Amino acid sequence: CILFSLPDLPDSDSLKDVKEATVPEVDLNNTITEKETDEMQHELIKLEEEIATLKQVLASKEKRQSELKQCLGVSSLSGLKENLSRGWSDMQSTTAYKKTSETLSTAGQRTSVAFNNLGTAISRKIGDMRNSSSFKSFEEKVESTMSNIKQSKVGGSSSGGSFEDVLSSTAQACAQDVPTNNPRDNTEFP
């Protein structure tokens, strides 16, 4: 690893000595005199030179930093990982993150309870339906149809008809047993 010394650039201590230039308030209602214009232009030139110097110093320091990292075997990827890890832990310690995390946890718990209640209600409703007379009647007809199909297959008799015939007759029987919501004849009522 090759190490070299930096050129004689102003160090950070000498940069601290640079006093900030104060900008006088400009009254836009009055016109600026030529003397004031010259002073402002001179100050602007001085500020631009200082900015250029600071940019050069920063660039040389960043270059030196890169060289030192390379000598130490620190890659930009490991630096990025370290920065991301530090940023993540910093974010997790913020009040906003903690409040959001608590809110999402509470919402998750409430959602879980709601789904459990919904599942229980659906199971209860299905159980109630299975115990209803309509369902039992339908179940009996399906069992009867299935036994007829089995008998016709085993016995070889064709008296039961084809599968389609049995299914059709079962569907018609179910349709007759199920009450409809059609309006009644007006003949029954005056």
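Worth saying up front: this structure is predicted, and the values here are computed from it rather than measured. Numbers here are sequence positions counted from 1.
Across all non-hydrogen atoms, the minimal contact from T31 to E36 is O-OE1, 4.4 Å.
Legend: salt bridge (charged side-chain N to carboxylate O under 4.0 Å, His left out) pairs involving residues 111-121, not counting sequence neighbours: none detected.
With sequence neighbours excluded, no residue forms a salt bridge (charged side-chain N to carboxylate O under 4.0 Å, His left out) with E39.
Residue R64 holds its CZ atom at 10.5 Å from OG of S66, rounded to the nearest 0.5 Å. The structure places CG of L58 at 9.5 Å from CD of Q65, a figure rounded to the nearest 0.5 Å. Atom CZ of residue F115 and atom OG1 of residue T120 lie 13.0 Å apart, to the nearest 0.5 angstrom. Between atom CG of residue D38 and atom CD1 of residue I32 there is a gap of 11.5 Å, rounded to the nearest 0.5 Å. Atom OG of S133 is separated from atom CD of E139 by 12.5 Å, given to the nearest 0.5 angstrom. Here the CG-NE2 distance, from L47 to H42, works out to 10.0 Å after rounding to the nearest 0.5 Å.
Side chain of T111 to backbone of A107: a donor-acceptor contact under 3.5 angstrom is found. Proximity of a side-chain donor or acceptor of T53 to a complementary backbone N or O of E49 within less than 3.5 Å is detected. The backbone N or O of E140 sits nowhere less than 3.5 Å from a side-chain atom of S144 that would complete a donor-acceptor pair. Between the side chain of Q109 and the backbone N or O of T106 there is no donor-acceptor pair closer than 3.5 Å. In terms of modelled atom types and a separation under 3.5 Å, the side chain of T100 and the main chain of A96 share a donor-acceptor contact. Counting only distance, with no hydrogens or angles, the side chain of S123 and the backbone of G119 share a donor-acceptor pair below 3.5 Å.
A salt bridge is defined here as a Lys NZ or Arg NE, NH1 or NH2 lying under 4.0 Å from an Asp or Glu carboxylate O, and E82 with R86 meets this definition. By the 4.0 Å N-to-carboxylate-O rule, E43 lies too far from K46 to be salt-bridged with it.
Grouping the Ile, Leu, Val, Met, Phe, Trp and Tyr side chains by contacts below 4.5 angstrom, directly or via other members, places L118 with I126.
Surrounding CD of E34 are at most 12 heavy atoms belonging to other residues, nucleotides or ligands under 6.0 Å away.
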